[in-house]
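One structure is given here, and the rest of the page talks about it.
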Amino acid sequence: MAGRRWRSGAGSPDRAAAERAPRIYTRTGDSGFSSTFTGERRPKGDRIFEALGATDELSSAIGLAGEFSSEKGHTFVDQLHKVQCMLQDVGSNLATPLSSAREAHRKRTSFSEKPVLELEQWIDSYSEQLPPLRTFILPSGGRSSAALHFSRAVCRRAERCVVPLVQAGEADPNVAKYLNRLSDYLFVLARYAAMKEGKEEKIYIKPEP
């Protein structure tokens with residue numbers, strides 16, 4: 001019958017839809033533990049999850065910088081999107097501790113040197129277009145530039161979280177190399193964004209004693 005009102009309960013469209021839709025929450029982490037890709041349960045304070053969290057923050061920071069940069073029509077926005085995709089692969093590698101990973105896990109989450117070399121090409125390309133850096137600069141130069149500088153700082157923190165995992169043999173060394181190079185890329189890109197927008201970069205001035 002047209003216009004019929006359904007009562008909640010078995011057979012209602014609302015309940016059927018709810019049963020089909022995946023839940024955002026799982027309750028599996030309520031006790032303070034979470035799972036790696038290998039199925040190993042570790043405390044949420046484990047350094048693997050610290051590194052994963054920092055990498056997630058980095059991707060979010062880059063996403064914000066990308067939105068600001070898109071508003072200004074910067075052509076490097078596609079590169080930032082590619083970086084975010086690469087950070088998903090970084091996370092997959094970090095979530096697969098080599099101490100408990102089977103060969104199948106390692107093949108699925110391996111991280112090559114190719115993305116590192118690509119970042120170096122991008123850095124060289126932008127660096128050639130920038131004026132020489134003769135003094136310390138502060139995060140500034142407009143919203144795009146400042147957001148990229150913020151992303152760089154988050155990247156350095158992510159790298160600090162990842163390096164102990166690499167040194168312990170739990171993550172691929174190329175992951176640490178990628179984050180190291182990524183911070184350089186974000187620094188150069190911040191300067192490039194300021195230059196393209198005609199914004200002034202604030203320089204460090206030693207305060208008077």
Side-chain angles (χ1 to χ4, degrees), residues 29 32-66 76-128 130 133 136 139 147-193:
F33 287 79
S34 192
S35 297
T36 65
F37 180 62
T38 60
E40 183 183 1
R41 297 287 289 177
R42 294 195 182 195
K44 289 190 174 185
D46 188 275
R47 58 187 180 182
I48 284 180
F49 299 121
E50 288 286 348
L52 285 169
T55 304
D56 185 31
E57 288 182 52
L58 173 57
S59 182
S60 298
I62 290 175
L64 181 62
F76 57 72
V77 172
D78 287 343
Q79 290 180 356
L80 294 178
H81 179 252
K82 187 171 185 178
V83 166
Q84 287 183 291
C85 292
M86 291 308 307
L87 289 175
Q88 290 294 114
D89 292 340
V90 166
S92 295
N93 188 270
L94 296 175
T96 311
L98 297 180
S99 61
S100 60
R102 298 191 298 272
E103 186 61 28
H105 289 139
R106 296 187 183 200
K107 286 183 178 180
R108 288 186 61 184
T109 62
S110 63
F111 197 89
S112 74
E113 191 181 17
K114 184 178 178 181
V116 180
L117 299 177
E118 183 174 51
L119 282 177
E120 290 178 354
Q121 292 174 354
W122 292 350
I123 292 169
D124 292 342
S125 174
Y126 291 118
S127 295
E128 291 171 357
L130 292 171
L133 190 61
F136 290 111
L148 288 164
H149 276 296
F150 177 73
S151 299
R152 171 190 54 79
V154 177
C155 186
R156 284 299 190 192
R157 177 157 55 84
E159 182 188 5
R160 291 194 298 273
C161 291
V162 166
V163 166
L165 296 176
V166 172
Q167 293 174 338
E170 292 281 51
D172 194 304
N174 284 321
V175 169
K177 289 180 183 178
Y178 184 79
L179 292 174
N180 191 357
R181 215 67 82 250
L182 179 57
S183 62
D184 294 332
Y185 166 74
L186 292 169
F187 176 77
V188 170
L189 200 61
R191 297 199 64 217
Y192 178 81

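Just one of Val175, Leu52, Asn180 meets the side chain to side chain contact (heavy atoms under 4.5 Å, CB included) condition when paired with Val162; it is Val175. Just one of Glu120, Glu113, Glu159 meets the salt bridge (Lys or Arg N to Asp or Glu O under 4.0 Å) condition when paired with Arg181; it is Glu120.
Note that the CG atom of Asp184 and the CG atom of Leu189 stand 12.0 Å from one another [nearest 0.5 Å]. Taken to the nearest 0.5 Å, the CD atom of Glu118 stands 6.5 Å off from the CD atom of Gln121. A distance of 13.5 Å separates NZ in Lys114 from CG in Asn174, rounded to the nearest 0.5 Å. In this structure, Asn93 CG and Leu165 CG are separated by 9.5 Å, a value rounded to the nearest 0.5 Å. Taken from OG in Ser151 to CG in Leu80, the straight-line distance is 8.0 Å, to the nearest 0.5 Å. Going from atom NZ of Lys82 over to atom CD of Gln84 covers 13.5 Å, rounded to the nearest 0.5 Å.
Between Glu50 and Arg47 there is no salt bridge, since none of the side-chain N atoms of the basic residue sits less than 4.0 Å from a carboxylate O of the acidic one.
Scanning all heavy atoms of the two residues, the minimum distance from Leu87 to Leu182 falls at CD2-CD2, 4.2 Å. Here the closest non-hydrogen pair linking Cys155 and Ser183 is SG-N, 3.6 Å. In plain terms, the two heavy atoms of Thr96 and Ser92 that are nearest each other are OG1-O, 2.7 Å. The two residues Ala176 and Val166 have their closest heavy-atom pair at CB-CG2, 3.9 Å. In plain terms, the two heavy atoms of Val83 and Trp122 that are nearest each other are CG2-CZ3, 4.0 Å. The two atoms that bring Ala158 and Ala54 nearest to each other are CA-CB, 3.7 Å, heavy atoms only.
Remark: Pro139 pairs with His149, Arg152 by the side chain to side chain contact (heavy atoms under 4.5 Å, CB included) rule, at least two apart or across chains. Not counting sequence neighbours, the partners of Tyr192 by the ring pair (Phe, Tyr, Trp, His ring centres under 6.0 Å) test are Tyr126. With sequence neighbours left out, the side chain to side chain contact (heavy atoms under 4.5 Å, CB included) criterion links Leu133 to Ile137, Phe187, Arg191.
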Chi angles and distances behind the side-chain contact (heavy atoms from CB on, under 4.5 Å) call for Leu148, Tyr185:
CA-CA 10 Å; Leu148 288 164; Tyr185 166 74; over 6 Å; no
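Considering only heavy atoms from C-beta on, Val90 stays 4.5 Å or farther from Leu58 through its side chain.
A distance-only check finds no donor-acceptor pair linking the side chain of Ser59 to the backbone of Thr55 [under 3.5 Å].
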